[in-house]
Amino acid sequence: MTEPHRIMSVDDAVGDSRHGAEIRALLGPKTVGATTGFMGVATIRPGEVIREHYHPYSEEFTYLVSGSLVATVDGVPKEVHARQGLLVPINVRHRLENKGDEDAFIVFSMAPLAPDPTLGHVSTEEA
């Protein structure tokens with residue numbers, strides 16, 4: 001019988017740096033067959049960013065485990081510190097930048113899913 005749960009290691013998730021710092025989708029449609037959202041992690045090294053973008057279908061919940069970040073949300077920069085969470089509503093532009101001197105490690109989730117994965121992330125800042 002197939003177990004109704006899945007465990008995924010960050011070491012088994014494929015890294016993706018198309019949007020700046022490396023992001024790893026851990027629990028999602030492709031990795032574990034999730035149907036309502038996905039969860040991932042990112043390590044943002046000093047000087048790195050996750051470039052500005054927005055999600056037309058999903059809210060984003062981000063929890064900063066360690067380090068510090070500047071989150072620019074709708075053009076307004078805000079400092080985010082370890083053990084703080086950030087909610088980014090649907091269609092709101094946001095960017096994460098590590099201006100500190102240590103890695104920032106985040107856990108994030110997004111829901112609901114876009115009707116097609118190619119529609120879930122809209123870049124507004126060039127590489």
Side-chain angles (χ1 to χ4, degrees):
M1 182 171 156
T2 302
E3 293 291 331
H5 64 279
R6 293 280 311 271
I7 296 173
M8 182 78 175
S9 169
V10 69
D11 297 324
D12 295 331
V14 176
D16 180 350
S17 298
R18 289 176 295 165
H19 307 295
E22 184 178 84
I23 297 169
R24 292 177 182 254
L26 290 179
L27 307 175
K30 290 182 182 177
T31 58
V32 297
T35 59
T36 60
F38 76 94
M39 189 274 288
V41 299
T43 300
I44 307 170
R45 290 180 169 62
E48 287 187 334
V49 301
I50 294 177
R51 289 186 290 280
E52 187 186 79
H53 63 284
Y54 66 94
H55 309 284
Y57 296 93
S58 309
E59 290 182 307
E60 182 174 334
F61 304 86
T62 299
Y63 179 74
L64 182 56
V65 177
S66 60
S68 63
L69 292 170
V70 174
T72 302
V73 181
D74 258 353
V76 179
K78 299 281 186 179
E79 288 189 20
V80 183
H81 302 282
R83 301 178 56 142
Q84 290 184 323
L86 169 69
L87 167 65
V88 180
I90 293 171
N91 280 323
V92 173
R93 293 176 182 223
H94 54 288
R95 177 183 203 268
L96 300 176
E97 181 176 5
N98 184 345
K99 293 185 176 184
D101 56 4
E102 66 179 272
D103 289 357
F105 183 73
I106 64 170
V107 176
F108 66 91
S109 65
M110 294 177 48
L113 291 171
D116 180 290
T118 61
L119 302 175
H121 179 106
V122 179
S123 294
T124 55
E125 180 180 358
E126 296 296 319

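All residue numbers refer to positions in the sequence shown, counting from 1. Note that this is a predicted model, so its numbers are computed, not measured.
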How long is the gap from OG1 on Thr72 to CZ on Arg93, to the nearest 0.5 Å?
12.5 Å

Between Leu113 and Ser58, is there a side-chain heavy-atom distance shorter than 4.5 Å?
no

Do His19 and His53 have side-chain atoms, one donor and one acceptor, less than 3.5 Å apart?
no

One should read off an interatomic distance between Ser66 OG and Glu102 CD, to the nearest 0.5 angstrom, of 6.5 Å

Contact check, side chains of Phe38 and Leu27, non-hydrogen atoms, under 4.5 Å:
no

Which of parallel (below 30°), tilted (30 to 60°) and perpendicular (above 60°) describes His55 and His94?
tilted

Using a distance-only test with no angle check, is there a side-chain donor-acceptor pair under 3.5 angstrom linking Glu60 and Thr62?
yes

When rounded to the nearest 0.5 angstrom, what distance separates OG in Ser68 from CG in Asp101?
8.0 Å

Report the distance from atom OH of Tyr54 to atom CD1 of Ile90, rounding to the nearest 0.5 Å.
12.5 Å

Can Val65 be reached from Phe61 by stepping across I, L, V, M, F, W or Y side chains whose heavy atoms are under 4.5 Å apart?
no

Are more than 12 heavy atoms from other residues, nucleotides or ligands located less than 6.0 Å from atom CD of Glu79?
no

Nearest-0.5 Å distance, CG of residue Leu69 to CD1 of residue Ile44
4.5 Å

Met110-Leu26 co-clustered via ILVMFWY side chain contacts under 4.5 Å:
no

To the nearest 0.5 Å, atom CZ of Arg24 lies from atom CG of Asp12 at 9.5 Å

Side chain proximity check, Tyr63 to Arg83, heavy atoms < 4.5 angstrom:
yes

